[in-house]
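These numbers were taken from a predicted model, which means no experiment stands behind them. By convention in this document, chain letters (A, B, ...) are assigned in the order of the sequence lines, proteins followed by strands, and residues within each chain are numbered from 1. The analysis underlying the following values was restricted to heavy atoms, covering all of them including side chains, and did not include hydrogens, waters or symmetry mates.
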2 protein chains.
Amino acid sequence: MREPRPTIHDVASRAGVSKSLVSLAMRGSPKVSDASREAIRQAAADLGYRPNAAARSLADRHSRTIGVLVLDLHNPVFADILDGIQSEVRAQGYSTMLVTGAADPDREQAELDKLLEFQVEGLILVSHRLSPASLRRFAAEVPTVVVTRDDIHGPRIDTISNDDVAGGTLATQHLIALGHRRIAHLAGGDNPVARHREQGYREAMAEAGLADNASVITGGLTDVAGYAAARQALAEPHPPTAMFVANDIAALGAIAAVQESGRAVPGDVSVVGYDGIALGALRTLNLTTVAQPLERMGRLAAQRLFARIVLPRQRAHHVLVESTLVVRGSTAPPRSAG
Amino acid sequence: MREPRPTIHDVASRAGVSKSLVSLAMRGSPKVSDASREAIRQAAADLGYRPNAAARSLADRHSRTIGVLVLDLHNPVFADILDGIQSEVRAQGYSTMLVTGAADPDREQAELDKLLEFQVEGLILVSHRLSPASLRRFAAEVPTVVVTRDDIHGPRIDTISNDDVAGGTLATQHLIALGHRRIAHLAGGDNPVARHREQGYREAMAEAGLADNASVITGGLTDVAGYAAARQALAEPHPPTAMFVANDIAALGAIAAVQESGRAVPGDVSVVGYDGIALGALRTLNLTTVAQPLERMGRLAAQRLFARIVLPRQRAHHVLVESTLVVRGSTAPPRSAG
DNA sequence: CACGATTATTGGAACGTTCCAATGGAAGGC
DNA sequence: GCCTTCCATTGGAACGTTCCAATAATCGTG
């Protein structure tokens, strides 16, 4: 276990050839004779030889690795996006290094610094919380694709996102169409995605002549935050008959709060989420939501990244994917209207 | 962007010192004079210098990286365990490389091979699906800790796990104590963790004289599998009044199936899960479960790993953590008994 | 059957770091 | 003012690969 790992030299001398030939053989070059190839294969197997990725990366200046930063592994949204990224990255023969910033910009920065020290050839940032300045600094060093956000534009920063304003409008219009008037928005906190969804809500309310009814409660993007925000909304003198919540996970928290207050979903309060996590489809939860094509977004991100790795100076692409309203059982007409 | 990265030589010549001194300064050695240190710091900042981790790892034969394999990022269980691992690993000044095997042994093998090529100094396997033989091969090459499983023993393989047999018994006894007799087990498929939980169920049933009532439905560890298994259980001539499901995520699927069949939880059917995911505490779900101390298991795993990195030849430790029954709202006495 | 063309193989330089033994200079002691 | 001690600093050799230009071996071909 503590013995030094066998190197290419060890394999070479055991197989009776030069290290260069071993190097060729290990990478499957056709110029190696069958006899040598077999001898080398055998020697490598006997010794348990593994190429040293650090040495390889140093010598040929390619790490064949891309770095992925995700906001928070607890939200299943990111697992779905990651699936898409991974399948594409693996198809290219690359590896991914995955890190999380836990929604802390300083930690994100530190984790990305580490990825760059590992010489990743590209970066995919899923819901990062970096400042525009540091995002641009990273993007200047290495091809970078941002998923989920499209607020920071830079000359070489590609983005994959849905239109959160439109999505927020979609959710709100659905509630309005059902006959709701007192519709609260449980906002997702201080980040552009949440702000856009809120903006969509406000626009839909204004357009329906309900600007005065608009009520935005400060929340967050976790179940706990959604729970707290919903409790607050329900404690008001004229509690809402419907809530548009900033994301699905927070919506689950909100539903819990509604039910705990003795009200029924959707009988007394309708709830709409955002994201389209698989869990929301469970009959128990049955959450109406604005669904993003998460896995596809991951795949698109990886595809853009590889395109930019090949042609680094091309202009920025901003890919917009379509989100759709998925009506399930957590929304219904308000009691008074039903 | 495509310009070659500045190296330690570039920093050295700009600061007017030797590369060796830059190397020392970058690592914060006390033998560097204040003047040199400042000049080097300045030069490095000007150039945007980043040490090359590959070169460093090659030269000093330490990657300061540990590899983590998790079964499936979609299950929040793993996010919790990862939190524990990450906090400990970061505290040691190490990085983690995270990979997933998607429950496919071949892919797990391939991902671990890659981790070893990157010269990780240790491996943490969370719910792996490797064969005993390949697990032992990896453990022979690098310090290895297995979390969640304790079925494969090797001379130098540490494990962190709960007692799944005892946990299964705990869950089943809870249902028996409530007065249930027709208790089904929705099993978790062909893996040791699930088999142990099933064994616990069987033992509890036998001990209560209910061996003849034992009914095990083949399921899996995902929501979809739990849903399907529950439907099957409910379709039997004498459907169960209670279900012990192999894990929480599958339990959520099972609850969905119960409710969809027009039955209430826990009114008509009680449901117990396993794991203790945060989501289960939401009032909507309110899942009775056998809770493992997930984050602590992650921390313990990392601690064991570092202990073994320091002293590689010590005998294997098998850390057993205590799981506890958390009674919430998804279980109640059977209708006939209430 | 010698000759160029091809094919398989090789040694050395490079990649960017760290380590180590060696150097130069300043300071301290007598 | 010379010798020792100490300190900051240095150049060269590693680390394990890949790349490249050069060599050795094999092969038709006229």
**Student:** Of A:Ser36 and A:Ala55, whose nearest nucleotide on DNA chain C comes first from the 5' end?
**Tutor:**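 Its nucleotide being nearer the 5' end, the pick is A:Ser36.
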
**Student:** Rounded to whole Å, how long is the line connecting atom CZ of B:Arg56 with atom P of D:dG16?
**Tutor:**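 It is 18 Å, rounded to the nearest whole Å.
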
**Student:** Name the one of B:Arg315, B:Arg149, B:Arg308 that satisfies salt bridge (charged side-chain N to carboxylate O under 4.0 Å, His left out) with B:Asp158?
**Tutor:**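 When salt bridge (charged side-chain N to carboxylate O under 4.0 Å, His left out) is applied between B:Asp158 and each of B:Arg315, B:Arg149, B:Arg308, only B:Arg308 qualifies.
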
**Student:** Can you check whether B:Ser23 has a side-chain N or O nearer than 4.0 Å to OP1 or OP2 of C:dT18?
**Tutor:**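 B:Ser23 to C:dT18 OP1/OP2: side-chain N or O found under 4.0 Å.
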
**Student:** Rounded to whole angstroms, how far apart are NZ on B:Lys31 and P on D:dT9?
**Tutor:** 11 Å

**Student:** Categorize B:Ser20 for me: base, sugar-phosphate, or nothing, with a 4.0 angstrom heavy-atom threshold over every strand shown.
**Tutor:** base

**Student:** Of the listed nucleotides (D:dT9, D:dC19, D:dG16), which one gets closest to any side-chain atom of B:Leu24?
**Tutor:** D:dT9

**Student:** Figure out the CG/C1' separation between A:Asn52 and D:dG16, and round it to whole Å.
**Tutor:** 6 Å

**Student:** Atom CG of A:Leu21 and atom P of D:dA24: how far apart are they, to the nearest Å?
**Tutor:** 16 Å

**Student:** Under 4.0 angstrom, heavy atoms only, what part of the nucleic acid is A:Arg50 near: base, sugar-phosphate, or nothing?
**Tutor:**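 Contact class for A:Arg50: sugar-phosphate only.
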
**Student:** Regarding A:Ser23 and A:Arg27, is there a side-chain donor-to-acceptor distance under 3.5 Å anywhere?
**Tutor:** yes

**Student:** Counting heavy atoms from C-beta on, name the nucleotide in D:dT18, C:dG16, C:dT18 closest to the side chain of B:Lys19.
**Tutor:**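 Nucleotide nearest to B:Lys19's side chain: C:dT18.
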
**Student:** How about A:Leu112 and A:His128: do any of their side-chain heavy atoms sit closer than 4.5 Å?
**Tutor:**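 No, too far: nothing below the 4.5 Å cut-off.
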
**Student:** Starting from P on C:dA8, measure out to CZ on A:Arg27 and report it in whole angstrom.
**Tutor:**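 Going from A:Arg27 (CZ) to C:dA8 (P), I get 16 Å.
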
**Student:** For A:Arg37 and C:dT7, give me the distance from atom CZ to atom P, rounded to whole Å.
**Tutor:**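 Result: 15 Å.
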
**Student:** Of B:Arg61 and A:Arg64, whose closest DNA chain D nucleotide lies nearer the 5' terminus?
**Tutor:**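 Per heavy-atom nearest nucleotide, the more 5' residue is B:Arg61.
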
**Student:** When all nucleic acid strands are considered with a 4.0 Å heavy-atom cut-off, which category describes B:Ser57: base, sugar-phosphate, or nothing?
**Tutor:** nothing

**Student:** Would you mind telling me which residue lines up with the more 5' stretch of DNA chain D, B:Ser18 or A:Thr7, judged by nearest nucleotide?
**Tutor:**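 Its nucleotide being nearer the 5' end, the pick is B:Ser18.
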
**Student:** Please give, in whole Å, the distance from C:dA13 P to A:Leu58 CG?
**Tutor:** 17 Å

**Student:** Among C:dT9, D:dT17, D:dC19, which is the nearest nucleotide to the side chain of A:Val32?
**Tutor:**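 Closest nucleotide to the A:Val32 side chain: C:dT9.
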
